[in-house]
Amino acid sequence: MHTAYPPAWAQINLKNLDYNFRAVKRLVGDKVKVLVPVKSDAYGHGILPVSKRLEALGADYLGVARIDEGIALREAGIAIPILILNTVLENELEPVLDYGLTQTLCTRGLAKRLNRQARKRNLTASCHIKVDTGMSRIGVRYEDAYSFIKELFKLSNLKIEGVFTHFPCADNNPRFTLRQIKLFNALTQRLGEEGMRIPICHASNSIGVINYPESHFNMVRPGLMVYGLYPKEGLSLRLKPLLSLKARISFLKTVSKGSGIGYGHTYIARKEMKIATLPVGYGDGYPRSLSNKAYCLIAGRPARITGRICMDQMMVDVTKIGRVKIGQAAVLVGKQAGEMLSAEYLARLAGTIPYEITCSLGSRVKRIYIT
Ligand SMILES: *Cc1c(COP(=O)(O)O)cnc(C)c1O
């Protein structure tokens, strides 16, 4: 493959990662640690380059969803703490110890098993306890949390380094979110009073970091905003997106009035049109639901997608764009000549969230890093 000249590529600007990370630091202050989730290939941006940059920037923790992600980070030489944000099955615990990962615990069974395995190897296993204050995903039930944690303190080969919870509705339900914060506060306070000091308490995702300063505790877990994307519309905070998605025009043609374009002929030319083909499609993670809806930028001007997006290609209307050539770059996400096409906009149009737009980018979309 001619990787030096990819037909479609994602440009990832790591300078913008610096900018957004510093924006988080400014918001939360010096005393609050920052864990950055790098799960799902760093939201599609590339787990290794992003994690290395975050380590250099002074991130306190990285967050992953799977043990394999943690192993990949350790094998690449990442030395800072890595929290596995999800629970795992009992037979997955060995690499947690092998690679010095920090495990989320929310069941007695897993806690005891980790403690036993650590004792056998003469190790202490770091863990964070997940408390469910209203997400109903993983986590020990709030009502059971105190006695659960008390039991875990008796397991001498566990180091309980953190306790955390998660917000399901911080973008749209302040009443519920504030109640979660209150419950979590009450728990950590009670633990402290009973001599069970847990060094790190954390709750905030991006929207929590931005809208709920009372949820910062002493660590925050912003993902989306560190990638320069907004968890909600209308926020005044300035962030810089890392990702641009680009492709080079592979073919140009004139179609006559009445021609159907693409599978199913969902678009019929109402007049003679100039159509460009781009070598990018849903096989690259560009949502097929954007067929006949979204546009890209060519020469800084909007070129609407005509017909259905194919697996590897799509057709766009360049009738009104003056000089268009084969090989010319089209921007599907990002800036061109002062025009901006955001992942948030595409997400809205596709009926999804910006997270899904970036996470879906396929592995054949070459990532090119600006460092
Ligand atoms: C992914 C994740 C986050 C980050 O959420 P954003 O909305 O991207 O900021 C925070 N906490 C947990 C537990 C997560 O899994």
Side-chain angles (χ1 to χ4, degrees), residues 16-17 20-21 23-25 27-28 32-45 47 50-51 54 59-70 73 81-88 101-106 127-140 142 145 161-173 177 180-181 184 200-213 215-233 235 237 239-243 343-344 347 352-361:
N16 291 354
L17 182 68
N20 301 326
F21 183 79
V24 170
K25 292 295 279 183
L27 268 178
V28 302
V32 174
K33 292 181 193 294
V34 180
L35 174 153
V36 181
V38 293
K39 59 203 186 193
S40 194
D41 204 22
Y43 293 36
H45 296 75
I47 187 168
V50 165
S51 298
L54 286 167
D60 298 283
Y61 257 94
L62 298 173
V64 297
R66 308 273 167 84
I67 285 183
D68 280 353
E69 294 173 328
L73 290 175
I82 297 169
L83 176 62
I84 300 166
L85 296 159
N86 292 5
T87 188
V88 297
L101 305 173
T102 304
Q103 181 57 51
T104 291
L105 294 175
C106 43
C127 64
H128 286 216
I129 296 165
K130 179 74 175 281
V131 179
D132 183 8
T133 57
M135 173 76 179
S136 308
R137 187 169 60 182
I138 62 162
V140 56
Y142 183 74
E161 192 181 71
V163 57
F164 69 114
T165 193
H166 193 53
F167 302 139
C169 321
D171 55 339
N172 64 7
N173 192 340
T177 307
Q180 286 187 283
I181 295 168
F184 189 61
I200 308 177
C201 303
H202 49 114
S204 313
N205 51 2
S206 294
I207 189 71
V209 168
I210 298 166
N211 275 354
Y212 298 87
S215 78
H216 292 174
F217 296 95
N218 57 5
M219 186 161 85
V220 292
R221 305 188 305 269
L224 196 70
M225 69 181 294
V226 174
Y227 300 104
L229 300 170
Y230 294 91
K232 189 179 170 171
E233 282 174 65
L235 297 169
L237 181 73
L239 299 169
K240 297 184 178 178
L242 272 63
L243 174 87
E344 288 92 335
T352 183
I353 50 177
Y355 303 74
E356 193 179 356
I357 298 287
T358 66
C359 284
S360 300
L361 282 183

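Small disclaimer: the values here were computed from a predicted structure and weren't measured. Counting starts at 1 for both ligands and their atoms, following the listed order. For the numbers below, each heavy atom of this structure counts, side chains included, while hydrogens, waters and symmetry mates do not.
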What protein heavy atom sits nearest [atom], and how far away is it?
| atom | value |
| --- | --- |
| atom 2 (C) of ligand 1 | K39 NZ, 2.4 Å |
| atom 7 (O) of ligand 1 | Y355 OH, 2.6 Å |
| atom 9 (O) of ligand 1 | S206 OG, 2.6 Å |
| atom 5 (O) of ligand 1 | N205 CB, 3.5 Å |
| atom 8 (O) of ligand 1 | Y43 OH, 2.6 Å |
| atom 11 (N) of ligand 1 | R221 NE, 2.8 Å |

Evaluate F164 for polar contact with ligand 1, using N/O atom pairs at a separation under 3.5 Å.
no

Checking side-chain contact (heavy atoms from CB on, under 4.5 Å) between L35 and each of I200, D60, L83, which is the one that passes?
L83

Mind checking what makes ring-ring contact (aromatic ring centres under 6.0 Å, His included) contact with H128, not counting sequence neighbours?
Y61, H202

Going from NE2 on H45 to CG on L243, what distance comes out if it is rounded to the nearest 0.5 angstrom?
5.0 Å

Mode of H166 contact toward ligand 1 - side chain, backbone, both, neither (heavy atoms, under 4.0 Å)
side chain

Quick one: look at P37 and ligand 1, take heavy-atom pairs under 4.0 Å, and tell me if it's side chain, backbone, both or neither.
side chain

Go through it in stages, so that I can follow the logic: the residues are I357 and L229, the test is side chain to side chain contact (heavy atoms under 4.5 Å, CB included), and I'd like the CA-CA distance, side-chain angles, deciding distance and then a yes or no.
CA-CA 11 Å; I357 298 287; L229 300 170; over 6 Å; no

Quick one: which ligand 1 atoms are inside 4.0 Å of a heavy atom on P222?
9 (O)

Show me which atoms of ligand 1 lie under 4.0 Å from any heavy atom of L224.
6 (P), 8 (O), 9 (O)

pair [X]-[Y]: side-chain heavy atoms closer than 4.5 Å:
| X | Y | value |
| --- | --- | --- |
| P168 | Q180 | yes |
| T87 | K130 | no |
| L17 | V226 | yes |

Run the numbers on F167 and I181 for side chain to side chain contact (heavy atoms under 4.5 Å, CB included), then give the verdict.
CA-CA 9 Å; F167 302 139; I181 295 168; 3.7 Å; yes

